[in-house]
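First the proteins, then the strands, lettered A, B, ... as listed; each starts at 1.
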Protein chains: 2
Amino acid sequence: MNVIKENTRQTIIDISIKLFAQSGYANVSVRDIAKEVGIKPASLYYHFDNKQTLYLASIKESFSLKASVIAEVLNRQEPAELKLKHYVYKLTELASEDEPFCRLMQREMLDGDEQRLKYLAEKVFQEQFDAVGDLVKEIDPQCDPHMSVISILSLVLYHMETRPFQMFLSGYKKEHNQVDFIAEHVFKLLMNGLPESK
Amino acid sequence: MNVIKENTRQTIIDISIKLFAQSGYANVSVRDIAKEVGIKPASLYYHFDNKQTLYLASIKESFSLKASVIAEVLNRQEPAELKLKHYVYKLTELASEDEPFCRLMQREMLDGDEQRLKYLAEKVFQEQFDAVGDLVKEIDPQCDPHMSVISILSLVLYHMETRPFQMFLSGYKKEHNQVDFIAEHVFKLLMNGLPESK
DNA sequence: AAATACCTAACAACTGTTAGTTAGGCTGAG
DNA sequence: CTCAGCCTAACTAACAGTTGTTAGGTATTT
């Protein structure tokens, strides 16, 4: 009867990612997920032990995909400054096109327990975090790489997080939501600070 | 019988702010709130029409307080650069000492509907947003104030948002959570960019 | 025959909310 | 001053709906 779907488990995860990202863990019921998958609620329990397990599988899936895509930019042979520029652009692009990932990330920052945050930090982000840390240290050997990397992430991700809010603040233009525009702004700021003393 | 509390309504709001910030709207039941207030669930409905109304009253209360505190720094008669420095420090301090406010803000960015976001932007943040915009325009007349102000907020608030996560990332030190340390890092970055070419 | 992937039906717990009641304090009339 | 009437702020009890989850049954495939 089911022609398209050959892997229900994967479908469940994909839909769960979408729904959990949209509305948060508590606001999505197993019935909501089942309905969208086209399955009865009880059938979810054939594939996953419980709701928590399904949620965990979803964030693992969503997060591990991203990390690998980013890695590519950081492994190129380029001068540090250019590499940073490409990283900023890639990260902005990624954050822009995969909203569920961003929202899940935000939600984890808010509600993720210690164990989950530790897992995410060590298994998913550490490698990328360290690589960018090395990068900024090349640009300024005296800087605090930990703080600097967080700042880079701040600039990119917060611009994304606040997108639905920005349009109500003064001076908003359509360009402010475009990937290249944001990436360029961030990169310039990272290089020169606010005063554009070229 | 109730000796301490003379204003139950205010107590309800205070506790709601705390609980909603901690766990999010859907994760806090009216029974949870009532219990902590020391009241039966039904009694909440004497003071507030329903859960939504109570939530709205809570965020309004939490947010409007903050805006006024910040305004003071921006109204001083100081050179632009120093004023920006003081703003960054004040914002960092505020974000650091009022965790519920930060968390509510984050939650609103995720789940706030258009109407609420518009209200927050216009009635609560616009004045401050514009004042900081004027400030950066003084520092660099050619810049895009909208983008620049968002970037300033990014740097401060994201450092706060990710506090529970940072400790699992490499290079973390205790200082990274101290108000002055963060504020100084952010201000330096805003002035010079990453390369500290003094 | 066994395993897979789904189903129906139901469970206990919890949810926001309401109807109706009660106890204490204040006010104005007798 | 007293007492009826009203307001305030709480209460008890219950409602209907939703929640995560489970036990047990049923086709289809291997």
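Of the N and O atoms on the side chains of D144(A) and H176(B), at least one donor lies less than 3.5 Å from an acceptor on the other residue.
Nearest-nucleotide mapping onto DNA chain C: of R31(A) and V30(B), the residue sitting toward the 5' end is R31(A). Of the two residues contacting DNA chain D, namely A26(A) and R9(B), the nearest-nucleotide position lying further toward the 5' end is that of R9(B).
For dA5(C), neither phosphate oxygen OP1 nor OP2 lies less than 4.0 angstrom from any side-chain nitrogen or oxygen of T8(A). Distances shorter than 4.0 Å separate none of the side-chain N or O atoms of S29(A) from OP1 or OP2 on dT18(D). A sub-4.0 Å separation between OP1 or OP2 of dC6(C) and a side-chain N or O of H47(A) is present. In this model, the phosphate group of dA9(D) is approached by a side-chain N or O of Y46(B) to a distance below 4.0 Å at OP1 or OP2.
In this structure, the CG atom of D49(A) is 9 Å from the P atom of dT22(D), given to the nearest Å. We find that CZ of F20(A) is positioned 12 Å from C1' of dG20(D), with the value rounded to whole Å. The separation between Q52(B) atom CD and dT15(C) atom P is 17 Å, rounded to whole Å. Rounding to whole angstrom units, CG of residue L44(A) and C1' of dT22(D) are separated by 14 Å. Straight-line distance from the CZ atom of F48(B) to the C1' atom of dG16(C): 16 Å, rounded to whole Å. Counting to the nearest Å, the P atom of dT4(C) and the CG atom of N7(A) are 15 Å from each other. Atom CG of L54(A) and atom P of dT19(D) are 15 Å apart (whole Å). Between the P atom of dT19(D) and the CG atom of N27(B) lies a distance of 13 Å, rounded to the nearest Å.
For K40(B), whose side chain is taken as the heavy atoms from C-beta onward, the closest listed nucleotide among dT12(D), dT21(D), dA10(D) is dT12(D). Side-chain proximity of Y45(A) to dG20(D), dT17(C), dC7(C): nearest is dG20(D). The side chain of A42(A) lies closest to dC7(C) when the candidates are dC6(C), dG20(D), dC7(C).
Remark: K118(A) fails to qualify as a cation-pi partner of F165(B) under the 6.0 Å distance and 45° angle criteria applied to the six-membered ring. Taking the centre and axis of the six-membered ring of Y25(A), the NZ or CZ atom of K51(A) falls inside the cone set by 45° and 6.0 Å. A cation-pi contact, defined as under 6.0 Å to the ring centre and within 45° of the axis, is absent between K66(B) and F125(B).
Among the atoms of the strands shown, only primed sugar atoms or phosphate atoms (P, OP1, OP2) are found under 4.0 Å from some heavy atom of K51(B). Using a 4.0 Å heavy-atom distance criterion, S43(A) is classed as a base contact.
Using a 4.0 Å cut-off between a side-chain N of Lys or Arg and a carboxylate O of Asp or Glu, E184(B) and K188(B) qualify as a salt bridge.
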